[in-house]
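Each remark here refers to the structure printed beneath this line.
Chain identifiers are assigned alphabetically (A, B, ...) following the order of the sequence lines, protein sequences preceding nucleic acid strands; residue numbering begins at 1 within each chain.
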Amino acid sequence: MASFLSAPNFELAATLDSGQVFHWQEEPDGAFSGCVGDRLLILRQAADGVLVEPADGVESAISYLRLDQDHQAVLDSFPKEDAVLAAAVAYCPGLRIIRQPYWECLATFLTSSLKQVAHIRQISLRVRRELGEPRELGAIQSSAFPTPSAVAEAGESRLRELGLGYRAGFVHRAALLLASGAMRLEDGEQLDDSELLEFLLQFDGVGEKIANCVRLFGYGRLGAFPVDVWIERIFRERYFEGREVPRKELAAFLVHHFGRYGGYAQQYLFHHARTSWGKSRSRP
DNA sequence: GTCCAGGAGAGGC
DNA sequence: GCCTCTCATGGA
């Protein structure tokens with residue numbers, strides 16, 4: 001039995017397939033199945049909303065999809081004179097920043113370095129299937145992301161078998177720290193934005209880019225602005241007339257130009273470029 | 001076969 | 001501080 005969740009101006013498919021999360025499976029009927037934390041949900045786009053199965057999964061769907069936030073306020077905060085951003089928003093206005101559990105967000109982005117989205121997805125699904133707890137709903141199956149203990153116990157060589165390559169050590173060491181209680185990701189909640197950045201940088205394999213992904217997609221710090229190869233390309237070609245922009249200069253520009261919801265702006269720009277700039281990956 | 005990917009760390013200068 | 005090299009792997 002499904003339950004209807006009212007959500008005007010929301011695009012489910014784009015939100016689940018915009019490089020934030022990597023485990024949602026599209027079913028033959030167009031629904032999406034996947035775990036939200038420990039629980040399997042089936043989500044389906046409807047007019048002005050989402051159908052959620054099971055029906056009592058609505059609350060977690062609202063939180064996960066950030067449907068409890070005034071989205072228009074986010075859009076209204078964007079700089080009005082920015083035509084590049086305006087085009088990206090117009091391309092997919094219903095995109096949301098998902099609220100991900102801290103550990104699966106950190107672990108997934110630790111495996112993302114120097115990987116294409118399709119490959120991150122493949123590894124992410126394999127890790128869930130091999131090490132996570134399986135869940136079922138009718139004929140649909142999915143697995144939760146394995147706990148730090150499960151990953152710690154699996155070991156680095158097992159993670160290498162699953163395709164993580166040199167990232168296996170990063171993920172395994174982070175799992176050991178969390179499973180032992182030596183570090184607790186919940187401790188990041190009360191830190192301010194810059195303290196949280198320093199906190200996350202303590203993990204081996206986490207640099208500024210991955211830390212910003214975790215700040216944005218995990219801790220919901222909507223001003224955090226991850227800079228990856230796509231973002232660099234966008235700014236070089238669309239904002240700086242082909243000029244190579246030093247990281248520091250770019251960071252300074254981002255903070256003052258996009259404001260408190262900069263992370264949202266970043267996600268719009270990233271999604272637009274990645275899905276519409278064509279497969280030729282060079283010039284638009 | 002070649003190029004590249006939601007990077008980070010170590011080493012050299 | 002900045003520059004360069006290296007780290008696995010599979011999709012395009």
Side-chain angles (χ1 to χ4, degrees), chain A residues 14-24 88 92 95-98 100 104-127 129-130 155-174 177 197-219 221-238 244-252 254 258 262-284:
Chain A
T15 297
L16 297 180
D17 188 28
S18 59
Q20 308 179 54
V21 283
F22 304 89
H23 66 287
W24 288 87
C92 185
L95 185 63
R96 304 300 167 98
I97 301 281
I98 293 172
Q100 299 180 43
E104 70 178 64
C105 184
L106 172 64
T108 305
F109 279 97
L110 270 172
T111 73
S112 76
S113 92
L114 213 50
K115 284 280 174 202
Q116 296 181 105
V117 169
H119 197 195
I120 300 166
R121 174 180 169 77
Q122 179 184 319
I123 295 172
S124 173
L125 285 170
R126 197 181 298 149
V127 167
R129 189 176 65 241
E130 297 295 325
E156 181 177 337
S157 59
R158 178 74 175 122
L159 293 173
R160 279 186 180 266
E161 284 176 18
L162 297 178
L164 273 75
Y166 64 88
R167 308 155 193 82
F170 298 154
V171 175
H172 187 236
R173 286 193 286 282
L177 284 171
L197 177 63
E198 295 305 316
F199 174 73
L200 293 169
L201 289 174
Q202 294 179 77
F203 289 95
D204 193 18
V206 175
E208 198 159 329
K209 190 271 172 182
I210 291 177
N212 276 326
C213 286
V214 179
R215 284 204 298 173
L216 178 59
F217 302 131
Y219 291 86
R221 305 300 172 96
L222 299 179
F225 203 115
V227 177
D228 72 326
V229 292
W230 279 101
I231 293 295
E232 283 185 328
R233 189 176 303 146
I234 293 164
F235 280 88
R236 188 173 62 241
E237 297 186 5
R238 301 294 176 84
E244 291 290 342
V245 189
R247 279 284 171 121
K248 275 190 132 176
E249 184 184 339
L250 181 55
L254 297 176
F258 291 108
Y264 247 110
Q266 174 275 155
Q267 195 61 18
Y268 277 113
L269 292 168
F270 175 83
H271 179 65
H272 183 219
R274 195 177 70 85
T275 59
S276 77
W277 278 22
K279 319 303 177 198
S280 62
R281 73 161 60 103
S282 57
R283 283 289 155 81

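Note on A:I123: nothing from the nucleic acid sits closer than 4.0 angstrom, heavy atoms only. Within the 4.0 angstrom heavy-atom criterion, only backbone atoms of the sugar-phosphate kind lie near A:V206; the bases stay farther away. As judged by a 4.0 angstrom heavy-atom cut-off over every strand, A:S18 is placed among the base-contacting residues. A:L114 comes within 4.0 angstrom of a base, heavy atoms only. Across all strands shown, A:G19 has heavy atoms under 4.0 Å from base atoms, whether or not it also approaches the sugar-phosphate. Across all strands, A:F170 comes closer than 4.0 Å to no nucleic acid atom at all (heavy-atom distances). Using a 4.0 Å heavy-atom distance criterion, A:Q266 is classed as a base contact. Within 4.0 Å of A:F225, counting heavy atoms only, lies no atom of the nucleic acid at all.
Side-chain atoms of A:Q122 lie closest to C:dG10 of the nucleotides C:dC2, C:dG10, C:dC7. With distances taken from any side-chain atom of A:H119 to the nucleotides C:dT9, B:dA8, C:dC7, the minimum falls on C:dT9. In the set C:dC2, B:dA8, B:dA5, the nucleotide with an atom closest to the side chain of A:Q116 is B:dA5.
In this structure, A:E232 atom CD and B:dA5 atom P are separated by 10 Å, rounded to whole Å. The CZ-P distance, from A:F109 to B:dA8, rounds to 11 Å in whole Å. Distance CG (A:L201) to P (B:dG7): 16 Å, rounded to an integer number of Å. Distance CH2 (A:W277) to P (B:dC4): 16 Å, rounded to an integer number of Å. In this structure, CG of A:L125 is placed 15 Å from C1' of C:dG10, rounded to the nearest angstrom. Rounded to an integer number of Å, the gap from CD of A:E156 to C1' of C:dA8 is 13 Å. Distance CG (A:L159) to C1' (C:dA8): 14 Å, rounded to an integer number of Å. Following rounding to the nearest Å, A:D228 (CG) and B:dC4 (P) show an atom-to-atom distance of 16 Å.
A:Y166 contributes no side-chain N or O that forms a donor-acceptor pair with the base of B:dG9 under 3.5 Å.
In this structure, A:F225 and A:I231 have side chains that are in contact, with non-hydrogen atoms separated by less than 4.5 Å. A:R247 places a side-chain heavy atom less than 4.5 Å from the side chain of A:E232. For the pair A:V127/A:L164, a side-chain contact is recorded, criterion being any heavy-atom separation below 4.5 Å from C-beta on.
Nearest-nucleotide assignment on DNA chain C puts the 5′-proximal partner with A:S113, out of A:A118 and A:S113. Across the interface with DNA chain B, nearest-nucleotide mapping of A:K115 and A:A211 shows A:K115 to be the residue nearer the 5′ end.
Counted within 6.0 Å of CD on A:E208, heavy atoms from surrounding residues, nucleotides or ligands total 12 or fewer; the atom is thus considered open.
The shortest distance between the side-chain N/O atoms of A:R233 and the OP1/OP2 oxygens of B:dA5 is below 4.0 Å. Residue A:R167 places no side-chain N or O under 4.0 Å from the OP1 or OP2 atom of B:dG7.
Relative orientation of the A:F258 and A:F235 rings is perpendicular, given thresholds of 30° and 60° on the angle between their planes.
When all heavy atoms are compared, the tightest approach of A:L222 to A:L216 is CA-CD1, 3.8 Å.
Separation of the P atoms belonging to B:dG11 and C:dA8 is 16 Å when rounded to the nearest angstrom.
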